[in-house]
Amino acid sequence: MGITKADTVKLISAEGFEFVIHKEAAMISNTLKNMLSSSGGFQETELGEVRFPEISTPILEKLCQFFYYKLRYTNSAAVKNVPEFKIEPEIAIELLMASNFLDC
Amino acid sequence: MSASKPKKSFKIEPFKHKVEMDPDYANNTWKVLEDAIHEIYNHNASGLSFEELYRSAYNMVLHKYGNKLYEGLTTTMTNQLQKVAGQIDAAQGDTFLEELNLKWLDHNKSLQMIRDILMYMDRTYVTNQNKVPVHELGLNLWRDAIVRNGRIRDRLLKTLLDLVHKERTGEVINRGLMRNVTKMFVDLGQTVYLEDFEKPFLDATADFYKAEAQQFISTSDCTDYLRKAEKRLNEEIERVAHYLDQKTESKLTTVVEREMIGNHMKLLVEMENSGLVSMLTNDKYEDLARMYNLFRRVPTGLQTVRDLMTSHLRETGKQLVTDPERQRDPVEFVQRLLDEKDKYDRLIAQSFGNDKTFQNALNSSFEFFINLNTRSPEFISLFVDDKLKKGLKGVSEEDVEGVLDKVMMLFRYLQEKDVFEKYYKQHLAKRLLSGRTVSDDAERSLIVKLKTECGYQFTSKLEGMFTDMKTSKDTMAAFQQKMVEEGNDSDISLQVQVLTTGSWPTQPGAKATLPPEILEQCDKFKNFYLSTHTGRRLSWQTNMGTADLRATFAHSRHELNVSTYQMCILLLFNNADALSYQEIQAATEIPVADLKRNLQSLACVKGRNVLRKEPVGKDVDEDDVFHFNDKFTNKLHKIKIGTVSAQKESEPEKQETRQKVEEDRKPQIEAAIVRIMKSRRLLDHNNIISEVTKQLQSRFLPNPAVIKKRIESLIEREFLERDKNDRRLYRYLA
């Protein structure tokens with residue numbers, strides 16, 4: 001099954017690294033969900049990309065991983081043993097702030 | 001995510017730090033957001049970055065500027081909406097509503113976007129400070145700035161009400177627009193919808209229909225009026241579906257119902273020539289159903305209809321049962337009652353949805369007027385008699401049951417069931433003895449019905465009559481066999497029915513001299529019967545029998561089926577051609593009334609006139625002379641000469657039966673009193689009366705004066721005594 005551009009969104013970190021992920025995964029974040037589904041024609045909706053000048057690359061990467069992790073394991077009774085989502089202590093605070101920002 | 005050190009609230013530390021770094025930060029950031037809000041209202045959002053705006057709001061809240069952000073938003077939006085209010089107010093005529101709707105849609109869209117970028121504030125600041133969320137704030141501001149704007153408020157309401165009025169008077173309006181605007185009221189909150197729109201709308205509706213009802217009622221008849229009202233009601237329901245809040249429906253219909261129906265109920269049902277009475281008389285099922293459905297909607301509506309129907313029923317029923325013209329033919333009389341009942345049953349089923357309360361009203365009305373005529377029990381019995389004698393010939397079993405059930409239904413209405421029993425017994429006796437019942441099954445079926453209705457006691461005597469008939473048949477078979485064995489064969493074949501005294505309505509003293517040849521047979525039977533049943537007494541009821549005679553006339557021979565009395569008369573003519581009335585009476589000793597009646601049917605009925613009367617005339621006189629009518633002819637070989645039988649009773653007979661019934665009631669009333677007193681020991685007068693009435697209700701309605709007399713009689717016979725201290729109390733004496 002091919003992925004069309006409309007199904008994805010590009011997330012860009014403070015350093016300019018780009019992460020292309022499924023919109024479905026991105027919608028795990030309420031902020032992104034609002035952003036992508038807002039009725040007004042904001043820049044982000046038109047371009048299909050979101051810049052985060054205040055989120056560093058490793059944090060954004062971790063967030064993307066988390067989106068897929070959550071998408072995979074939320075509401076799936078079939079999976080019995082949900083693996084732990086590993087967070088390195090050194091990025092914990094920054095990640096926490098970003099997740100507060102993105103509401104996820 | 002819990003990997004951090006669990007000491008103090010770590011969140012606060014880094015941000016404090018930042019605030020100190022940039023004192024102008026808040027103003028600058030707010031400026032960005034304020035500009036964005038303006039851009040959004042100007043449909044210019046495409047250049048904006050959601051992330052940037054969101055981040056700005058986020059940071060403001062984080063940096064404790066939530067209040068500034070919130071206040072700023074309120075002010076900006078208020079200003080914006082005041083501008084919008086000016087634009088709406090400036091719109092002329094019809095465009096006013098459209099402009100309002102357009103701006104409303106705009107505002108909604110903008111508000112949504114604003115809420116999206118301020119989401120973080122909604123999530124944290126608003127919840128913590130118990131503020132109104134952004135979306136609701138936007139609606140409240142719209143409400144205050146636009147809907148309740150002094151210049152817009154009344155204009156808006158008037159425009160809406162005008163549109164509704166236009167539609168009510170037949171114009172086409174833009175329902176979509178109406179819908180959007182009323183939806184706006186709903187979105188602004190129930191209270192806004194109720195106070196700013198619904199209440200004035202309902203008031204206007206009431207005024208409109210008040211006027212319309214006045215106009216309709218003076219120009220239309222009841223049918224038309226109800227049709228119009230129904231149409232209006234449906235229109236209003238449709239109106240709700242099209243552009244009003246669903247909750248308005250019940251209120252709106254209530255208003256219309258009150259104005260169109262509730263306030264004019266009496267006038268409508270009593271309308272001359274088209275009101276309820278006319279509908280009932282003319283079987284206007286559809287109109288009645290409409291009336292029912294409309295009146296059901298208003299308080300006391302159905303009661304009004306029901307009351308009028310009841311009084312109409314009672315009035316017509318009363319006429320029906322008291323009209324002397326109708327009482328001539330009892331069968332017709334009962335048939336009319338049944339027809340009337342059928343008519344209303346059908347009507348209630350078709351138009352009133354089988355409403356129980358209407359059925360009850362119908363029943364109570366029938367009970368009321370059937371008992372107005374004291375002859376109803378007699379007539380109903382006569383009706384049954386007619387049906388069982390000939391009316392049911394060639395009718396299927398189900399139909400028979402149907403007729404019987406209907407009769408039972410009338411029977412249930414009777415208060416004087418014992419009177420019915422009395423007549424029924426008489427009529428049944430005549431049917432059984434003359435062998436004129438068409439269907440034994442039908443007879444028994446009716447008895448069973450009576451039994452289920454009134455209990456064993458009521459029918460035991462009736463059943464006894466059937467038993468007698470059967471026993472007699474067996475007895476006769478044995479008698480005839482004995483006659484043959486003894487060589488006592490005779491030309492005359494005697495059929496005797498042995499009737500138990502008490503079960504049958506015998507009339508004592510009705511004697512007649514039987515011809516000697518018959519008498520001889522009778523004596524033989526008497527001997528036979530008494531030889532097997534010692535200790536019994538047989539007496540001949542000559543007034544109840546029938547006889548088959550062979551008669552030879554000049555031109556033909558016939559077999560005549562006559563009553564025993566008629567046989568006695570006819571046999572006299574074997575030895576004489578002409579006899580005077582006096583001679584016949586002397587020879588037969590038949591009671592005067594019976595003799596006259598029988599002579600009448602022998603001499604005065606065309607086609608049955610085996611005797612010739614001089615002078616010719618309809619009535620039999622004591623000076624008349626009778627001749628054997630030698631020239632008698634009839635196409636039929638077998639001729640039945642009926643007596644004037646089982647007709648309704650004449651006035652004196654009626655009195656007599658009445659008296660008998662009253663006489664029979666006395667012991668029943670006394671028995672009831674004793675039963676009650678035995679268990680109660682001490683009871684006051686009124687309570688005795690009501691208990692006795694209750695006990696006897698299934699048979700008849702006792703008269704309080706009669707009960708009082710019975711009590712007195714019981715006191716005399718020392719069953720009861722009056723209490724020594726309280727004279728109103730009676731005491732039972734064991």
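Below, chains carry the letters A, B, ... as their sequence lines are ordered, and counting in each starts from 1. Owing to the predicted nature of the structure, the values given are computational and were not obtained by experimental measurement.
Top candidate by heavy-atom pairs under 4.5 Å with chain A, chosen from D116(B), I117(B), N44(B), is D116(B). Listed options L53(B), L48(B), T124(B) were ranked by heavy-atom pairs under 4.5 angstrom with chain A; first place goes to L48(B). Taking chain A as the reference chain and counting heavy-atom pairs below 4.5 Å, the highest number among R55(B), H43(B), R115(B) is found for R55(B).
Of the candidates N149(B), I146(B), L100(B), L156(B) forms a side chain to side chain contact (heavy atoms under 4.5 Å, CB included) with just one, namely L100(B).
Of the two parts of E51(B), the backbone and the side chain both hold a non-hydrogen atom closer than 4.5 Å to a non-hydrogen atom of chain A.
Geometric assessment of K62(A) against the ring of F85(A) yields a positive cation-pi assignment under the 6.0 Å and 45° thresholds.
Taking 4.5 Å as the limit, every side-chain heavy atom of S13(A) sits out of range of all side-chain heavy atoms of F52(A). At a threshold of 4.5 Å between non-hydrogen side-chain atoms, the residues V192(B) and L139(B) do not count as touching.
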